[in-house]
Structure formats: C-alpha cells, structure tokens
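Notes follow once the structure below has been shown.
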Amino acid sequence: DVKVTQSSRYLVKRTGEKVFLECVQDMDHENMFWYRQDPGLGLRLIYFSYDVKMKEKGDIPEGYSVSREKKERFSLILESASTNQTSMYLCASSLGTPGAYGYTFGSGTRLTVV
Amino acid sequence: EDKVVQSPLSLVVHEGDTVTLNCSYEVTNFRSLLWYKQEKKAPTFLFMLTSSGIEKKSGRLSSILDKKELFSILNITATQTGDSAIYLCAVGSGGGADGLTFGKGTHLIIQP
C-alpha cells in the first residue's frame with residue numbers, strides 16, 4: 001500500500017524555536033506539497049516541490065521554508081515558531097500534475113506553539 | 001486567483017437521511033474536480049471528475065460535475081454514522097505541478 005508518512009502526529013513547541021516537520025513518500029512521486037489546515041480557512045498551500053532541490057512558494061509561504069534533498073523526503077521548516085503557526089500541517093504527494101493524478105495525503109501533524 | 005466555494009460549511013442530519021454537498025469553482029484552465037473525505041487523519045480520495053454530466057458512483061456516494069455552471073455535487077444516500085467527516089472539494093488546473101485549490105470543506109455530522 002502506497003504511503004505518505006509524516007514523522008509526528010502531535011507536536012508542542014515553544015515560541016521562537018526552530019521546528020522541522022518531515023514528510024516521506026514511498027511512491028517515487030515527483031511532486032510534493034505542504035498545506036496547513038485551519039478551521040474556517042480550509043487547506044492553504046504553503047510550498048511545493050516538483051523535483052529534488054526545487055521549490056515553489058504557495059499562497060502563504062511567509063514564516064516557512066522547505067528542503068527537498070532527496071526525492072522521497074520533503075521537509076517544512078519553521079525558522080522561528082510563532083503562536084499563529086499553531087495549526088494542522090498536511091503533506092501530500094502527486095505522481096504528476098495534481099489535476100490529473102490527485103494527491104495522496106499524510107496523516108497530518110498537529111502543531112501547537114506555546 | 002482560483003476559487004473554490006463549498007456549501008454548506010456544516011450539516012447535521014440523522015442516520016438514514018440523504019445529503020447533498022455543493023462545490024462551485026472559478027478557475028483558469030480547469031482540469032479536474034476532486035472530492036476527498038477527511039476523518040481524524042489523512043484525507044482519502046473519493047472521486048475525480050473531468051467530464052460534464054457523467055456521474056461517478058461508489059456505493060452510497062455519487063458525484064456529478066457541471067462544467068457549464070461550474071459546480072459539482074456530492075450525494076450520500078442512506079447515511080451512516082461512519083459518514084461523519086469533513087468533505088473536501090478541490091480543483092486542479094493547468095498542466096504543471098501547481099497544487100490543487102481547496103474549498104473550506106463541509107463538516108458533516110450524522111446523528112444515530
């Protein structure tokens with residue numbers, strides 16, 4: 001069964017900490033995505049990557065960065081966590097163009113910044 | 001800017017009822033519309049719709065797309081408590097790696 005694995009289900013961090021959220025897929029997918037999901041706002045795209053070492057900003061990249069050193073791994077980095085980054089973070093991957101293939105999602109990481 | 005609007009945002013019904021969830025969209029270069037179900041974990045894929053007027057079915061769930069009026073509906077008949085979830089509508093556009101654009105979701109609660 002194909003899988004997208006997010007390293008942590010729940011995470012509590014302090015304001016100002018550097019936070020790494022990891023996502024690994026075992027499907028040899030080209031494209032990977034990071035979203036955050038908030039009540040009343042839905043899923044919003046933070047960053048995506050279409051190849052190793054390539055990245056593109058999504059709709060809300062401020063306060064975040066990403067890293068994709070290997071095809072299977074896509075990391076989201078919060079350089080200095082703030083309370084407004086408390087959210088559910090979802091990673092997704094796609095074999096090709098998302099409009100043609102859709103996404104496979106990870107189970108999400110619920111991050112609380114205190 | 002691509003836009004996806006779902007309605008209602010929340011819905012409470014009794015087991016056995018039929019529900020209809022709505023999704024309208026405004027996108028440039030439409031490619032597909034997708035429905036996902038999200039319980040307490042990863043959203044799971046339900047349907048991908050690309051052609052107008054063709055109904056997709058899976059058990060008690062069905063969905064149809066109207067590309068002229070720019071909307072889709074998701075129907076669930078004979079609802080069960082296990083249908084309680086957030087239902088997400090997303091639209092894919094373009095031919096590159098651009099991400100899907102999601103609506104805010106419909107939170108469906110089925111009461112016994």
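Per chain, numbering begins at 1; letters A, B, ... match sequence-line order. Below, all heavy atoms of this structure are taken into account, side chains as well, without hydrogens, waters or symmetry copies.
With a 4.5 Å cut-off on non-hydrogen atoms, Ala92(A) does not touch chain B at all. Proximity to chain A is absent for every atom of Gln6(B), based on heavy atoms less than 4.5 angstrom apart. For Arg9(A), the part sitting under 4.5 Å from any heavy atom of chain B is the side chain, from C-beta outward, and nothing else. Using a 4.5 Å cut-off between heavy atoms, Leu88(B) touches chain A through its side chain atoms alone. Using a 4.5 Å cut-off between heavy atoms, Leu34(B) contacts chain A through its side chain alone, with no backbone atom that close. The part of Leu41(A) that comes within reach of chain B is its backbone (N, CA, C, O), which places non-hydrogen atoms under 4.5 angstrom from that chain. With a 4.5 angstrom heavy-atom cutoff, Tyr101(A) touches chain B only via backbone atoms.
Val66(A) and Phe33(A) fall into different hydrophobic clusters, where Ile, Leu, Val, Met, Phe, Trp and Tyr residues are linked whenever their side-chain heavy atoms come under 4.5 Å apart, directly or through other members. Residues Leu49(B) and Leu70(B) share a hydrophobic cluster, clusters being chains of Ile/Leu/Val/Met/Phe/Trp/Tyr side chains in contact below 4.5 Å. Under the 4.5 Å side-chain heavy-atom criterion for grouping Ile, Leu, Val, Met, Phe, Trp and Tyr, Phe48(A) is not connected to Leu76(A) through any hydrophobic cluster.
Scanning both residues, Pro43(B) and Gly106(A), for their nearest heavy atoms gives CD-O, 4.3 Å. In terms of heavy-atom proximity, Thr97(A) sits nearest to Arg31(B) at CG2-NH1, 4.0 Å.
Top candidate by heavy-atom pairs under 4.5 Å with chain B, chosen from Glu56(A), Gln6(A), Gln37(A), Glu30(A), is Gln37(A). The residue among Lys40(B), His107(B), Gln38(B) with the most heavy atom pairs within less than 4.5 Å of chain A is Gln38(B).
Ser32(B) places a side-chain N or O within donor-acceptor distance of the main-chain N or O of Gly99(A), the cut-off being under 3.5 Å.
The distance between the ring centers of Tyr35(A) and Phe102(B) falls below 6.0 angstrom. A ring-centre distance under 6.0 Å is found for Phe105(A) and Tyr36(B).
The distance from atom CG of Leu45(A) to atom OG1 of Thr101(B), rounded to the nearest 0.5 Å, is 8.0 Å.
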